[in-house]
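What follows is a set of notes on a single structure, which appears directly below.
All residue numbers refer to positions in the sequence shown, counting from 1.
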Amino acid sequence: MSAKRHRSKKYYRFRMENFMSKELHYNNPIVLQRADPYVYRHTDGYYYFTGSVPAYDCIELRRAKTIAELADAETFVVWRKHESGEMSQHIWAPELHYLDGKWYLYFAASKVDDIWRLRPYVLECLGQDPLHDEWVERGMMQPAEGDNKTFIDFSLDATVFEANGKRYMCWAEKTGGQFAASNLYLAEMESPVKLKTAQFMLTTPDYDWERVDFWVNEGPAVIKNNGKIYLTFSASATGACYCMGLMEADEDADLLDRNSWKKSRYPVCCTNEEKKIFGPGHNSFTVAEDGETPLCIYHARPYEEITGDPLYDPNRHAMVMKVKFDEEGRPVFDFDNV
């Protein structure tokens with residue numbers, strides 16, 4: 001065994017011991033084998049967690065009073081894929097949102113006979129307990145009236161946020177086939193299941209770090225600070241090259257105007273070989289138990305070499321990073337933040 005591999009296994013064992021300790025250790029796994037992690041802290045004081053399961057065949061939810069307790073929280077399967085037709089393959093990147101007094105799950109899915117036909121779908125909970133109450137299918141997310149360009153091709157990773165009294169959806173979509181660029185689009189929402197405006201292209205892969213193996217912008221997430229909206233996104237293929245970029249705009253600006261946004265020239269979070277954090281990305285944001293400290297929940301692998309297709313390597317673990325802000329108010333994603 002090489003010294004490098006020996007160190008890697010030793011470090012990985014240390015990371016797993018931290019996971020088993022039931023205490024929160026930043027930049028260590030909080031939930032194993034859950035990619036695209038989404039954590040929401042509700043008004044009931046609980047943290048709700050969901051993410052892509054390795055089999056991509058269902059949507060799970062769990063909740064806990066603390067971030068660390070999510071590791072051992074009971075898991076509830078609230079929905080399973082169909083056997084055929086729509087929503088029968090690649091159940092990806094669910095997000096749990098509480099909108100207008102109801103729970104909604106947004107996720108992407110395809111068909112067993114057309115596995116890359118990804119589209120965004122919506123589930124609605126009929127009660128106030130998302131773990132136990134019934135969920136019903138609301139179908140595919142609906143574009144605005146007269147919009148014949150949105151959700152007609154490979155679409156996934158929808159997130160929802162509010163700004164200046166309006167609610168928006170941001171998602172990734174390719175046009176022109178499987179190997180076209182994945183761009184991020186933004187639109188105002190009319191309701192939890194329908195858009196109000198036509199799609200606006202927020203960002204396309206412009207730089208070399210967004211174009212490794214595939215041209216990708218995906219996995220948007222929003223955090224606010226000092227009157228600014230900061231939107232993180234993930235770029236490139238899903239191996240060690242996966243990384244995070246940043247868009248920013250004034251909160252009271254016209255968010256559907258490209259001139260309102262500024263894009264980071266370089267990634268704001270990427271692989272750290274020394275700490276054995278490979279391909280960090282597809283994050284969400286929440287706050288610590290104090291209700292103030294911002295946290296970034298992201299996935300990463302503890303190793304670089306992957307056998308086969310990275311999409312089917314199960315060891316993208318949900319991890320947590322403390323977010324700090326620089327002198328200009330921008331979020332700083334530093335693995336040394338503790």
#### Entry: Value rounded to 0.5 Å, distance of OG1 in Thr75 from CD in Glu60
5.0 Å

### Query
Once you round to the nearest 0.5 Å, how far does CH2 of Trp135 lie from OH of Tyr104?
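Going from CH2 on Trp135 over to OH on Tyr104, the span is 9.5 Å.
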
Between [X] and [Y], is there a side-chain N and carboxylate O pair less than 4.0 Å apart?
| X | Y | result |
| --- | --- | --- |
| Lys196 | Glu188 | yes |
| Glu74 | Arg62 | no |
| Arg265 | Asp206 | no |
| Glu304 | Lys276 | no |
| Asp129 | Arg63 | yes |

### Query
What residues form a ring pair (Phe, Tyr, Trp, His ring centres under 6.0 Å) with Tyr46, not counting sequence neighbours?
none

Flag for [Y]-[X]: side-chain donor and acceptor within less than 3.5 Å:
| X | Y | value |
| --- | --- | --- |
| Asn315 | Gln33 | yes |
| Gln199 | Asp147 | no |
| Glu137 | His82 | yes |
| Glu95 | Thr159 | yes |
| Asp36 | Tyr298 | no |

On a heavy-atom basis, which atom in [X] and which in [Y] lie closest, and how many Å separate them?
| X | Y | answer |
| --- | --- | --- |
| Tyr106 | His97 | CD1-CD2, 3.8 Å |
| Trp116 | Leu311 | CH2-CD1, 3.9 Å |
| Leu131 | Val78 | O-CG1, 4.3 Å |
| Leu231 | Trp261 | CB-CZ3, 4.2 Å |
| Thr150 | Glu173 | C-OE2, 4.0 Å |
| Leu61 | Pro130 | CD1-O, 3.6 Å |

### Message
Ring-plane angle category for His90 and Trp92, please: parallel below 30°, perpendicular beyond 60°, tilted otherwise.
### Response
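Parallel: the ring planes of His90 and Trp92 meet at under 30°.
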
#### Entry: Test side-chain hydrogen bond (donor to acceptor under 3.5 Å, both in side chains) applied to Tyr26 and Asp336, step by step
CA-CA 9 Å; Tyr26 291 111; Asp336 291 324; over 6 Å; no

Determine whether a donor-acceptor pair (N or O, by modelled atom type, separation under 3.5 Å) exists between the side chain of [X] and the backbone of [Y].
| X | Y | result |
| --- | --- | --- |
| Thr204 | Asn183 | no |
| Ser182 | Asn217 | yes |
| Asn225 | Gly329 | yes |
| Tyr47 | Ala288 | yes |

### Query
Would you say the ring centroid of Trp103 lies under 6.0 angstrom from that of His42?
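Centroid distance Trp103-His42: below 6.0 Å, so yes.
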
### Task
May I ask you to check whether His282 and Tyr242 place their ring centers less than 6.0 Å from one another?
no

### Task
Any salt bridge (Lys or Arg N to Asp or Glu O under 4.0 Å) involving residues 109-120? Give me the pairs, sequence neighbours left out, ordered by first then second residue.
Glu86-Arg117

Side-chain donor/acceptor pairs under 3.5 Å, residues 243-250, sequence neighbours excluded:
unit_1: Glu248; atom_1: OE2; unit_2: Arg330; atom_2: NE; d: 2.6
unit_1: Asp250; atom_1: OD1; unit_2: Lys228; atom_2: NZ; d: 3.0

### Query
On the ring face of Phe335, is Lys275 found with NZ or CZ under 6.0 Å from the centre and within 45° of the axis?
no

